[in-house]
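We use all heavy atoms of the structure for the numbers below, so side chains are in, but hydrogens, waters and symmetry mates are not. None of the values given here were measured: they were computed from a predicted structure.
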Amino acid sequence: MCHRHHRRRPPVKITDATVSVTCPGRNFVTLRITTDEGVTGLGDATLNGRELAVASYLGDHLVPLLTGRDPHRIEDTWQYLYRGAYWRRGPVTMAAIAAVDVALWDIKAKVAGLPLYQLLGGASRDRLTAYGHADGRDLPELLDSVRARLAQGYRAVRVQSGIPGLRAVYGVHAPDGGGGTVPHQQDRPLVEDWDTDAYLRHIPTVLEAVRAEFGPELPLLHDAHHRLTPVQAARLGKDLEPYRPFWLEDCTPAENQEALRLVRRATTTPLAIGEVFNSVFDYRTLLAEQLVDHVRSSVTHFGGLTPLRKLFDLAALYQVKGSTHGPEDISPVGLAAALHLGLAVHNFGIQEYAGHSAATREVFPAAYTFTDGGLHPGEAPGLGVDLDDAAAARHPYRRSYLPVNRLADGTVHDW
């Protein structure tokens with residue numbers, strides 16, 4: 001018998017890793033990893049309002065650990081960065097690890113000459129159903145906003161409304177139309193007022209009016225932004241049942257996972273949770289007791305594709321869908337990673353797609369497309385997203401914060 005001896009190729013090495021922060025309307029933190037074969041990969045590390053903390057974590061702590069490592073050992077690198085630091089979890093840590101993880105997946109897929117979703121098992125669907133954001137300071141303005149999203153091709157819409165008597169409500173655009181009530185490029189957070197009882201009275205009438213205008217088939221979503229107690233969330237879920245929302249999102253702060261038991265017992269309105277979570281441990285009770293219907297963590301804030309794929313596989317055991325967070329302040333790099341994962345996993349639910357500004361698309365040229373209400377990551381090798389350094393340099397970092405909410409008596413309320 002003839003035995004052939006194959007000479008093993010020397011392992012590929014990471015030779016460089018750099019961090020950039022750019023603000024083409026929103027601040028984005030991007031990691032670029034380069035190998036000794038000249039292949040580069042990108043990862044998103046954006047954490048709105050704490051961008052420089054993540055950039056420092058990457059540049060000062062993780063980047064020095066990457067040089068000389070084999071970029072193809074993705075699982076080992078993830079465990080090394082997560083378990084090796086002693087201080088685990090938290091949004092800054094997990095966003096930094098996510099950037100490394102996604103950049104390595106980008107490199108691996110480029111070396112293979114395949115779009116990333118092919119390395120995740122191939123496509124489970126032709127495209128990912130996406131929902132857009134509709135909002136209005138009053139009902140006529142909201143209805144016009146829904147019409148605008150439908151004209152753009154969306155087939156599902158999240159509806160947020162101003163509340164009578166409140167000056168500003170998170171998720172509702174400012175009167176000048178200039179970027180919404182999420183204040184970016186401000187030295188202090190905008191203070192919004194809040195009245196939970198007014199909100200609970202108003203929102204069911206909003207869903208009733210939108211459903212009456214657009215019929216029973218349009219999937220409608222609503223986000224409570226963590227502002228309700230479990231009893232209040234249960235009441236809202238029950239009151240919304242006649243209008244059959246696709247989901248009620250972040251109805252109560254779910255760090256107290258057991259709180260969702262009360263909500264689940266009280267209503268059949270589907271529940272979506274998770275955009276502020278960054279570890280599978282945040283979901284343990286919610287999944288084991290089937291207290292939610294959608295897990296909504298983002299690739300960028302959950303530590304990357306490696307752990308989020310594991311979360312989605314765990315959720316599938318309990319008939320829970322994976323529906324990743326996709327706001328404007330996750331960069332096209334982070335969005336593309338979510339699209340590749342969503343296309344591949346069997347239990348995909350729906351993808352948030354708030355879109356990006358023209359300046360952002362110039363900084364991050366991307367292969368993904370939005371047509372007929374759905375997103376597709378494209379067929380370019382890797383993630384299919386580049387970083388234009390010259391364009392990024394034209395948009396330097398600007399300090400920004402999310403708003404702070406206070407009740408009528410001045411008490412700071414939940415975000």
Side-chain angles (χ1 to χ4, degrees), residues 17-33 41-64 66 81 85 87 89-103 106 170-171 178-190 225 275-279 297-304 308 324-338 352 354-357 359-364 366 383 385-404 415:
T18 57
V19 182
S20 69
V21 183
T22 183
C23 185
R26 304 293 176 99
N27 288 312
F28 299 115
V29 181
T30 308
L31 175 70
R32 177 188 279 127
I33 294 177
L42 297 179
D44 179 25
T46 303
L47 184 65
N48 49 9
R50 296 293 182 268
E51 299 90 353
L52 297 185
V54 185
S56 174
Y57 193 107
L58 276 169
D60 296 332
H61 302 290
L62 297 195
V63 165
L66 298 177
L81 298 179
W87 303 108
R89 304 168 63 188
V92 173
T93 294
M94 300 308 281
I97 293 175
V100 177
D101 184 77
V102 170
D106 192 18
Y170 183 80
T181 58
V182 181
H184 288 259
Q185 295 80 61
Q186 293 201 11
D187 290 333
R188 294 288 188 277
L190 174 71
H225 291 119
E275 69 182 59
V276 299
F277 288 173
N278 51 71
S279 167
S297 291
S298 66
V299 175
T300 299
H301 301 143
F302 202 74
L308 193 60
T324 55
H325 187 42
E328 292 174 83
D329 43 29
I330 285 176
S331 85
V333 176
L335 177 63
E352 181 179 22
H356 288 105
S357 68
T360 297
R361 295 193 298 271
E362 179 186 13
V363 172
F364 297 96
L383 286 173
V385 181
D386 293 320
L387 173 62
D388 186 323
D389 293 316
R394 293 195 290 270
H395 303 282
Y397 167 82
R398 291 182 285 176
R399 189 181 308 278
S400 66
Y401 294 94
L402 291 173
V404 171
W415 183 84

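Side-chain atoms of Asn27 come within 3.5 Å of backbone N or O of Arg398 as a donor-acceptor pair. Here the side chain of Thr324 pairs no donor or acceptor atom with the backbone of Ala338 at under 3.5 angstrom. Looking at His356, its side chain does come within 3.5 Å of a backbone N or O of Ile330 through a donor-acceptor pair. At least one donor-acceptor pair under 3.5 Å links the side chain of Asp106 to the backbone N or O of Leu383. Formation of a donor-acceptor pair under 3.5 Å by the Thr360 side chain with backbone atoms of Pro24 is found in this model.
Counting heavy atoms from C-beta on, the side chains of Val19 and Thr30 never come closer than 4.5 Å. Considering only heavy atoms from C-beta on, Val100 comes within 4.5 Å of Leu58 through its side chain. Two residues are said to be in side-chain contact when any heavy atoms from C-beta on lie closer than 4.5 Å; Phe364 and Thr22 meet this criterion. The closest side-chain heavy-atom distance from Leu402 to Asn48 is below 4.5 Å. Using a 4.5 Å cut-off on side-chain heavy atoms (C-beta onward), Thr18 and Val63 make no contact. Taking the side chain as every heavy atom from C-beta outward, Val102 and Leu42 never approach each other to under 4.5 Å. Looking at Ser297 and Leu308, their side chains come closer than 4.5 Å, going by heavy atoms from C-beta outward.
Rounded to the nearest 0.5 Å, atoms SG (Cys23) and NE2 (His395) are 9.0 Å apart. One finds the NE2 atom of His301 at 14.5 Å from the CZ atom of Phe277 (value rounded to the nearest 0.5 Å).
Taking all atoms of both residues into account, the shortest heavy-atom contact from Val299 to Gly334 is CB-O, 4.5 Å. Residues Pro91 and Asn278 approach most closely at N-ND2, 3.5 Å, considering heavy atoms.
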Would you mind writing out the side-chain donor-acceptor pairs for residues 387-394 within the sub-3.5 Å range, not counting sequence neighbours?
| unit_1 | atom_1 | unit_2 | atom_2 | d |
| --- | --- | --- | --- | --- |
| Asp388 | OD1 | Ala390 | N | 3.1 |
| Asp388 | OD1 | Ala391 | N | 3.0 |
| Asp389 | OD1 | Arg32 | NH1 | 3.3 |
| Asp389 | OD1 | Arg32 | NH2 | 3.4 |
| Asp389 | OD2 | Arg32 | NH1 | 3.3 |
| Asp389 | OD2 | Arg32 | NH2 | 3.4 |
| Arg394 | NH2 | Glu362 | OE2 | 2.7 |

Kindly list each side-chain donor-acceptor pair under 3.5 angstrom involving residues 92-99, sequence neighbours excluded, with atom names and distances?
| unit_1 | atom_1 | unit_2 | atom_2 | d |
| --- | --- | --- | --- | --- |
| Thr93 | OG1 | Tyr57 | OH | 3.4 |
| Thr93 | OG1 | Arg89 | O | 3.4 |

